[in-house]
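Below: one structure, written as structure tokens.
Every value quoted in this text rests on a predicted model; they were computed, and no experiment measured them. Computed from heavy atoms alone, side chains included, the values below leave out hydrogens, waters and symmetry copies. To find a chain, count down the sequence lines: A is the first, B the second, and so on, and within it residues start at 1.
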Amino acid sequence: MCDWCEKYGDGYERWYFNPANYARRLYKIRKEEAEALGAEANPQAAGGMSVVGRDFLEARERGDMAEVERVKQQIESAMWLTHCGQVITLEEALKIVDIMYPISLITCTCRRSMEGLPDEENFTCMGMGAGMYKWERWPDTYRGGVHFLTPDEAKEVLAKLNKRGLVHSIYTFGTPYLAGLCNCDYPDCAAIRTVIDLGIKILWKGHYVAKIDPELCNGCASCVHRCQFRALSFVPSRNKAYIDQFQCFGCGLCATECDQEAITLVERASLPALANVW
Amino acid sequence: MLPTITVNDEKCKEPISCRKCLLICPTHVLGLGTDVGPQKFREIDPSHFIVRAVRFDKCSGCMDCVKVCPQNAIQLSFSGGDAR
Ligand code: SF4
Ligand code: SF4
Ligand code: SF4
Ligand code: SF4
Ligand code: SF4
């Protein structure tokens with residue numbers, strides 16, 4: 001079982017199907033340090049949503065693995081308490097839309113930061129729950145405004161974003177409160193690139209692992225561009241797609257593109273060697 | 001090898017409307033930040049946005065960002081100096 005389900009699942013099949021994880025206080029008294037944070041330039045705002053500094057990259061470069069490991073653990077333990085995510089499938093995202101309220105479409109801070117995308121082209125991020133009602137407090141986080149959606153509208157948007165090839169994932173804002181339903185791609189999503197390039201697990205793999213049926217795969221290769229996690233490639237000598245299941249994040253984007261139904265999603269828990277690979 | 005990448009904020013006035021360097025970089029090394037951090041109850045003025053290198057580890061040294069910048073604001077070198 002994934003740590004999150006174990007800690008916050010409360011009997012539900014997944015922690016993100018537990019409605020309690022979407023409920024939060026609208027306002028709370030903040031700790032002094034946290035309050036002070038807003039005042040000065042912070043490294044995240046001043047550098048493309050980066051969760052690591054240059055020192056980490058330098059330590060990596062000179063092969064100082066002890067330092068790399070130390071910083072990695074420091075970042076992970078801080079992020080797991082405050083802001084971390086897990087990949088989910090489109091079906092799971094659609095189900096979430098039915099158990100929580102309100103849901104809204106907002107601009108994506110990662111792509112604003114890495115592409116400078118104008119607001120009108122940047123409505124790919126979804127915010128959920130009580131926090132949405134206080135968007136005025138942090139206007140820059142919600143640059144471009146907040147569009148509240150009905151559950152049906154939200155489902156339509158999710159299906160469109162999936163078609164475009166964006167990965168769905170769910171994010172905490174003060175774990176375990178879930179407030180972000182993100183739709184992301186490599187490398188401009190800070191979470192995806194941090195886990196893929198740097199191995200810092202601020203985005204957890206999902207509960208599924210994709211598997212190709214070699215009998216059904218006709219070698220059309222139309223799934224290959226869908227993977228944002230470097231798990232999917234193509235083997236010309238066999239004329240089949242190939243999935244590295246140890247690298248697969250279980251997003252299901254490849255499966256939704258395969259019209260031969262050659263790709264299925266298997267429960268991670270059913271595979272002994274992968275059950276704890278998050 | 002990691003490059004030294006500096007951006008002169010005096011020359012790069014409104015990166016959010018220019019963003020030429022962000023879009024030309026083949027490996028998405030550069031990103032936007034702000035020099036004020038998150039602000040309560042007010043939107044950050046575009047003049048507070050700044051360009052900074054984020055993914056130093058992905059910079060090939062192609063110099064496309066340096067060449068594309070209309071303001072000559074980016075300096076990039078692999079020797080620690082300000083060579084251009
Ligand atoms: S996590 Fe994804 S959707 Fe959310 S802000 Fe980052 S790239 Fe955008
Ligand atoms: S889309 Fe389906 S049939 Fe085509 S290569 Fe991928 S798995 Fe095979
Ligand atoms: S192989 Fe398929 S399910 Fe796995 S991460 Fe890639 S696109 Fe997602
Ligand atoms: S030199 Fe090339 S790779 Fe490096 S930041 Fe500039 S455009 Fe990107
Ligand atoms: S190209 Fe030059 S002026 Fe334009 S955003 Fe980049 S650094 Fe600023």
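Here the closest non-hydrogen pair linking A:Met114 and B:Leu30 is CE-O, 3.5 Å. Nearest heavy-atom pair across B:Lys40 and A:Pro139 is C-CD, 4.5 Å.
Contacts of A:Tyr186 with chain B are made by side-chain atoms alone, with heavy-atom separations under 4.5 Å and no backbone atom involved. In this structure, chain B has a heavy atom under 4.5 Å from the side chain of A:Leu198, while its backbone stays farther away.
Taking a cutoff of 4.0 Å between a charged side-chain nitrogen and a carboxylate oxygen, B:Glu43 and A:Arg143 qualify as a salt bridge.
Inter-residue side-chain proximity for A:Glu61 and B:Met1 is flagged as met; some heavy-atom pair is nearer than 4.5 Å. Contact of the B:Leu22 side chain with the A:Glu115 side chain is not registered, since no non-hydrogen atoms from C-beta on lie closer than 4.5 Å. Side-chain contact between B:Arg19 and A:Leu117 is present, with heavy atoms from C-beta onward closer than 4.5 Å.
In this structure, the side chain of B:Asp57 does not engage the main chain of A:Leu57 through any donor-acceptor pair within 3.5 Å.
Around the CD atom of A:Glu120, the shell of radius 6.0 Å holds more than 12 heavy atoms that belong to other residues, nucleotides or ligands. Within a 6.0 Å radius of NZ in B:Lys58, other residues, nucleotides and ligands contribute more than 12 heavy atoms. The 12-atom threshold is exceeded at CZ of A:Arg230, counting heavy atoms of other residues, nucleotides or ligands nearer than 6.0 Å. Within 6.0 Å of the OH atom in A:Tyr101, the count of heavy atoms belonging to other residues, nucleotides or ligands does not exceed 12.
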Query raised in the report: Step by step, would you call B:Val54 with A:Arg193 a side-chain contact (heavy atoms from CB on, under 4.5 Å)?
Result: CA-CA 11 Å; B:Val54 183; A:Arg193 74 165 179 268; 3.9 Å; yes
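Taking CG of A:Asp140 as the start and CZ of B:Phe49 as the end, the distance is 5.0 Å to the nearest 0.5 Å. The distance from the CG atom of A:Asp188 to the NE2 atom of B:His28 is 5.0 Å, given to the nearest 0.5 Å. Separating the CZ atom in A:Arg54 from the CZ atom in B:Phe56 is a distance of 5.0 Å, to the nearest 0.5 Å. Residue A:Ser50 holds its OG atom at 13.0 Å from CZ of B:Arg52, rounded to the nearest 0.5 Å.
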